[in-house]
Structure formats: structure tokens, C-alpha cells
A.B. asks: 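Just dropping this structure here.
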Amino acid sequence: MFTPSMHSRSYPDITYFSDGFLIQSPAKVNLFLRVLGKRSDGYHELETLFQELEWCDELEFRDADEFSLEIEGADLRTDSGNLVVRAAQMLSGVSGRRMRGSILLRKRLPLQGGVGGGSSNGAIALLGLNRLWGLKWEVERLVPLAKDLGADCPFFLYGGLAHALGRGDDIKPLTDHADGTFVLVTPDFGVRTAEVFGKIGVGLTEVEKNAIFNPLWSRETGEAYPLFSPSNDLENIVFQIHPRLRHFRDTLLERGAEYALLSGSGSTVFGVFRSDETARHAAHELARIDGVKVTVCRAVARSRS
Ligand code: C5P
């Protein structure tokens, strides 16, 4: 299921130009997502395996006296409700540097799509402004800021394949990547993560609600893979709210996917195919369904030096 990558690049992907630089802001899927229990801070204790994909937004950074954010491709707010602006405010607050620089976000990833688009943009803003403002902080120093931005953000400081515990924000970066061709099916509606997590305890006793289960893999186990099979504990809740998503999952399996899952809390469902050709046939078929967008791409491995 995983291949170690001998020639992987370091993270993130950057293109330089005369007055600035462009950083790819990638999507993720969760190859495995287990809810271990409810925490006293209201969040849920998770164990997950994040996988970066080739599918990306783009963030361009240019030097400018004033701070500005422009967005192409989506109608999104450009105030502190946007994780890019929040990231700039937080980094400025902690570093003492004045907020400056012009940022252009080219949005391609779905909103509320379960592929981490907003979280990725927030984390890439931290990496980009760290560079633009000449801070040169180690990534580890940005982790607490990313955790404050959102539970999925710390992963996007590392990319590639990573195991995560805690709220999904305690990251152990890995060097492999998931094999195969990914087919991602995104419907024309999003899913609110908080609503899905809010439904987890329903039907459980107080004792069951408060139990925290052990993860399959501890941080100390090293690089050996846990014995897990692809699964997502949020699937049943989300499939009950949106039965169409279960249908997408089943169709991917019928069309030859090795495994197919909801990513995060949805709304994107993905299938992984051993054969690129079979993947493309399945994508073609699914793209005929009204109101869905289908993306074909591969997973990315990162060097960890
Ligand atoms: O951290 P973020 O704002 O992305 O999380 C969105 C919502 O998802 C949280 O407000 C919480 O309700 C839920 N969540 C959770 N446990 C997690 C991650 C998210 O309950 N580990």
C-alpha cells in the first residue's frame, strides 16, 4: 500500500520570481481516521494518517508595505475570517514584525470539502510569510501557531505522509507515500466539520462518551506501519446525512478501486486504484453525474532531512 520514495522533494513546492515567490498549497486525504474519544476541551481525540496530494491551490507572495489578500476562483472573505489573514495576524503578533506583503490566493480546492483546503492555505501563509518577512524560523516554531489556526493546519507545515494523534495536530512526518491513482469525487455541497463531530456521542452512554481508546500506533513505534486498514469513523454519520456520498463510495469500489473512503468529514469521497487506466475510466463515469467534480491525481512523498 505504501512505497518509500528514494527521490522525493522537500516540502513545500516553491517557484521563485523576481519580486516574490509562489507556494503550492496542497490538498490532503485521510487514509485512516479513528475517533478515540471526546476530550475535555470539546474536541475529539483522533488517530489519523494524512496523505498530501498533487491537487493544489496556489499562494503568491510579494513584498509590499501594506498587507493585502486577493482571492481568485472563489468568493471568500478577505478579513480575519480567512485563515490566511489569521495566520498573518498571529505571526505578526508573536514575532513583533509589522503585517506586510501582498498575497494572491488562487483557489481550486473545494470549500468544506474534507481535503483541508482552508487549513492548507493557513499553514502555507505561515511558511510564506516566515520567508517574506525574513524570520527564518524553524518549522517547529510555527507549529503552535498552526495548532491555534485549526486542527488540520500543522499537517500542512510538513506535507507528504504523516501519522497524527491528539486533535489530529500532533504530527509525525513519514517518508513514504500511498501507492496508486487517486480519484476524488466532490459534490456541489460542503459538510460542516463541527456538525459531524457534534453527532458522534449520540446514542452512547455517559461512560462510553467519556472513554478514550488507545491509538493503534504510538509515537515511539518508529517508522513501522500500524496494522490498519483504510477506514473513517466519521463515514456512517456523514453518509446518514448525505446518502449520495455513500453511493459515490460504492461506485468507486464497483469500478475497481482498491479502497474508497470519505476524506475527513467530507464532502469529498476518494478511491485509490492500482491501475491508472481503470482510475481514468472510473473518473470519466463518475464525472457524468450531475453536480460533481472529479479529480484524478497521485499522492506525494516528501524527504525529511
Ligand atoms: O480545528 P477546526 O476549527 O478545524 O475544527 C472544526 C471543528 O471540528 C471544531 O470546532 C470541533 O467541533 C470539531 N473537531 C473535533 N475534534 C477534532 C477536530 C475538529 O471535535 N479533533
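None of these values were measured; they are calculated from a predicted model. As the structure lists them, so they are numbered: ligands from 1, and atoms in each ligand from 1.
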A.B. asks: Can you see whether T186 engages T268 through a side-chain donor-acceptor pair at a distance of less than 3.5 angstrom?
C.D. replies: yes
A.B. asks: Would you mind listing which atoms of ligand 1 come within a distance below 4.0 Å of any non-hydrogen atom of H44?
C.D. replies: 15 (C), 16 (N), 17 (C), 20 (O), 21 (N)
A.B. asks: Any atoms of ligand 1 less than 4.0 Å from a non-hydrogen atom of L46? List them with their elements.
C.D. replies: 21 (N)
A.B. asks: I want to know if ligand 1 touches R167 in the polar sense, i.e. an N/O pair below 3.5 angstrom.
C.D. replies: yes
A.B. asks: Which protein heavy atom lies closest to atom 8 (O) of ligand 1, and at what distance to 0.1 Å?
C.D. replies: T193 CG2, 3.3 Å
A.B. asks: I'd like to check the side chain to side chain donor-acceptor pair (under 3.5 Å) partners of D79; sequence neighbours left out, ordered by chain and number.
C.D. replies: R77
A.B. asks: Under 4.0 Å from a heavy atom of G150: give me the atoms of ligand 1 that qualify, with their elements.
C.D. replies: 1 (O)
A.B. asks: What atoms in ligand 1 come closer than 4.0 Å to a heavy atom of A151?
C.D. replies: 1 (O), 2 (P), 4 (O), 18 (C)
A.B. asks: Between S68 and S102, do the side chains contain a donor N or O and an acceptor N or O under 3.5 Å apart?
C.D. replies: no
A.B. asks: Tell me, please, whether Y11 has R302 positioned over its six-membered ring: NZ or CZ under 6.0 Å from the ring centre and within 45 degrees of its axis?
C.D. replies: no
A.B. asks: Check this for me, if you would: do R106 and E60 make a salt bridge, where the nitrogen-to-carboxylate-oxygen distance has to be below 4.0 angstrom?
C.D. replies: yes
A.B. asks: Counting both backbone and side chain atoms, is some N or O of G168 under 3.5 Å from an N or O of ligand 1?
C.D. replies: no
A.B. asks: Any N/O of Y43 closer than 3.5 Å to an N/O of ligand 1?
C.D. replies: yes
A.B. asks: Less than 4.0 angstrom from a charged side-chain N to a carboxylate O is my criterion; do D188 and K293 meet it?
C.D. replies: no
A.B. asks: May I ask you to identify, for F197, whether its side chain, its backbone, both or neither come under 4.0 Å of ligand 1 on a heavy-atom basis?
C.D. replies: side chain
A.B. asks: Taking R108 for the side chain and E58 for the main chain, is one N or O donor matched with an acceptor at less than 3.5 Å?
C.D. replies: no
